[in-house]
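Working notes, structure below.
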Amino acid sequence: MSAEPRSNFLRTQIQADLEAARVDDLVTRFPPEPNGYLHIGHAKSITVNFGLAEQFGGQCHLRFDDTNPEKESQEFIDSIQEDVRWLGYQWAGEVRYASSYFEQLYQWALYLVGEGLAYVCDLSAEDAREYRGTLTEPGRDSPFRDRSVDENRDLLERMRRGEFADGVRVLRARIDMASSNMNLRDPILYRIRHATHHQTGSEWPIYPTYDFAHGQEDAIEGVTHSICTLEFEDHRPLYDWFIANLPVPHQPRQIEFARLNTSYTITSKRKLKLLVDEQVVAGWDDPRMPTIAGLRRRGYPAAAIRHFCEEVGTSRSDGIVDVAMLESAVRDHLNHHAPRAMCVMQPLRLTLTNLAEPLVLTVPNHPANSAFGSRELMMGNELFIDQADFREEANKQFKRLVLGKRVRLRGGLVIEGDSCEKDADGNVSRVLARCVTSVPGADPEDGVKPKGVIQWVSAEHGLPATIRRYDRLFAVPEPGREDDMLAALNPRSLELVAGAVVEPGLGEAEPEQVFQFEREGYFVADRYDHTSEAPVFNMAIGLRDTWSATNG
RNA sequence: UGGGGCGUCGCCAAGUGGCAAGGCAGCGGGUUUUGAUCCCGCCAUUCGGAGGUUCGAAUCCUCCCGCCCCAGCCA
């Protein structure tokens, strides 16, 4: 990674604020609502907020924006913390909760009432909508807009005491029903919800809205830069109004950036939840999910995700990043960090007819980095190679095993195909070949070099394994735009390979350890299902393949 | 047809008046015991469009066009 972070408007503006001494030390925050699992879009926000704090020597908070208990749960609070840590970040201090500021927020609501800047409104939700007007027509004042301060205070206190049923009243700011900015048309500050909150239990029958809470939460925490997404730009005048009219201890500066969208991906929490609930996928952490937990289980390294977020840049223009860019970051990282190993997906028996003694081969674990060391592989005369790597006859483009032609067994000898046997259906069931070299790594003495190299596994020592080959969950570039998301699913997003055989050492793989299966791709030992008795590997991403696409 | 944003290569994205970075994708070629990696080369006389200011404009001004967001007691 480059020493100089690439330029973007966020860094430029924060740098300027710091240099002009408008702020002393940078404080940012990542403020998720615990109503779902974090996804790749959140990863972007996390890297932005924690990354900025890191770059400028500031600090970044983790704060749960838990103002809507009906949609939130402890499960999500736990998963979010785990995901942030896994991505490689540690928040400053304890985990924070908007709910721990509820009393302060309530006092500020009372303050606004006292200033004549907020009132209790009894309009029903439907009537309120009608009074709000439209994008092109101004709204009308609520008939309750001019209640006295005393009456408002009394009503608000009774709301707080739980005297009213859900939804019958709200507290509203008294701003401007004719504003061209809808957010300023007397927005709602508090609503009545007799709900049990995962943090505060039954202490509160009223809950602040996001709009009333968020800016003040940042002010309480001394957040200097509130980084958020573009859709909140329209809300900024409202946040500034609160900050200007309340005795808050600090004034945050909000800056908006464009959220991350990637092609072939859905990041709507509602839709992701649907995939889980409908069991289209095996859970929030299904390797096909764009959730952090899913990417993790898929074998995508945290460092690759971070690098991708950096590469993609941060700007204010909406766009859809080609998911190939993420995949490229994963390949790039894994190429450098994953040890090599061999796996035969569709085993085809290969008998070496002239191998006198089994060989013990010493095979390097990485072709370009000796620090990975090497491993010993037993090569007897009964092996498995992949069905795709053998043809009875083929043109010269085919660089694998062909009868009468030579190929190298990775890390071992060069062999030449002699004959093959077929089953009742006419399928090749066994290949007979002859070693034309006797020293591992050597070239044939007659000077006829093999054109290719193929992977293999000892039939005697190889381990049966389950391989889960994954592909993109969706078949269309913008599944979020589809009317029927389920119809856009990629029917081949998961291929279960039941009869694969892996080299013996792979049984000892640690869960979450990633290997490159040579000539195939990168595979991770499943976090939960992998055992030495029954190895299970998930495909993170295939190797770049410039051949099969054009040559079948 | 209210308000707020955004438009630089197929996809992201630097650049903020001095003569268009980089990444991804793609295309050639080389190396190679992974058809991988790696290496070399190619890939915007032009910045949504049209005018204007200037010695000089992607950057400043005017008009136009396109796309996104806002009418939850969601965040």
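First the proteins, then the strands, lettered A, B, ... as listed; each starts at 1. Keep in mind that this is a model prediction, so the values were computed, not measured.
Using a 4.0 Å heavy-atom distance criterion, Gly411(A) is classed as a base contact. Base contact: Thr136(A) has a heavy atom under 4.0 Å from a base atom. Within 4.0 Å of Arg316(A), counting heavy atoms only, lie sugar-phosphate atoms of the nucleic acid but no base atom. Residue Ile320(A) is in sugar-phosphate contact alone, with no base atom involved, counting any heavy-atom pair closer than 4.0 Å across all strands shown.
Residues meeting the ring pair (Phe, Tyr, Trp, His ring centres under 6.0 Å) test with Tyr190(A), sequence neighbours left out: Phe212(A).
The same atom, P, is picked in rG2(B) and in rC64(B); the two are 12 Å apart, to the nearest Å. Nucleotides rC47(B) and rG41(B) are separated by 25 Å at their C1' atoms, to the nearest Å. rC6(B) and rA57(B) are spaced 24 Å apart, taking the P atom of each and rounding to whole Å. Between rC67(B) and rC11(B), the two P atoms lie 16 Å apart (nearest whole Å). Taking atom P in both rC19(B) and rA13(B), the straight-line distance is 23 Å, to the nearest Å. rG30(B) and rA36(B) have their C1' atoms separated by 16 Å, given to the nearest Å. As rounded to the nearest Å, rC12(B) and rU45(B) have C1' atoms that lie 24 Å from one another.
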Nucleotide N/O to protein N/O under 3.5 Å, stretch nucleotides 35-40 of chain B:
unit_1: rG35(B); atom_1: OP1; unit_2: Arg519(A); atom_2: NH1; d: 3.1
unit_1: rG35(B); atom_1: N7; unit_2: Arg400(A); atom_2: NE; d: 3.4
unit_1: rG35(B); atom_1: N7; unit_2: Arg400(A); atom_2: NH2; d: 3.1
unit_1: rG35(B); atom_1: O6; unit_2: Lys399(A); atom_2: N; d: 3.3
unit_1: rG35(B); atom_1: O6; unit_2: Arg400(A); atom_2: NE; d: 3.1
unit_1: rG35(B); atom_1: N1; unit_2: Gln397(A); atom_2: O; d: 2.8
unit_1: rG35(B); atom_1: N1; unit_2: Trp547(A); atom_2: NE1; d: 2.9
unit_1: rG35(B); atom_1: N2; unit_2: Gln397(A); atom_2: O; d: 3.0
unit_1: rG35(B); atom_1: N2; unit_2: Trp547(A); atom_2: NE1; d: 2.8
unit_1: rG35(B); atom_1: N3; unit_2: Trp547(A); atom_2: NE1; d: 3.4
unit_1: rA36(B); atom_1: OP1; unit_2: Thr546(A); atom_2: OG1; d: 3.0
unit_1: rU37(B); atom_1: OP1; unit_2: Arg544(A); atom_2: NH1; d: 3.4
unit_1: rU37(B); atom_1: OP2; unit_2: Arg544(A); atom_2: NH1; d: 3.2
unit_1: rU37(B); atom_1: O2'; unit_2: Asn335(A); atom_2: ND2; d: 2.8

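Annotation: the span from Asp386(A) atom CG to Glu520(A) atom CD amounts to 6.0 Å, rounded to 0.5 Å.
Nearest-nucleotide positions on RNA chain B for Arg410(A) and Val312(A) put Val312(A) closer to the 5' end.
None of Glu503(A), Arg519(A), Glu518(A) except one satisfies the side-chain hydrogen bond (donor to acceptor under 3.5 Å, both in side chains) rule with Gln455(A); the exception is Arg519(A).
Using cut-offs of 30° and 60° for the angle between ring planes, the Phe515(A) and Phe517(A) rings count as parallel.
Both cation-pi conditions hold for Arg169(A) and Phe164(A): the charged atom is under 6.0 angstrom from the six-membered ring centre and inside a 45 degree cone around its axis.
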Completion exercise
Readout for nucleotides 70-75 of chain B: B = base within 4.0 Å of protein heavy atom, S = sugar-phosphate only, - = neither; 5' to 3' it is BBSBSB
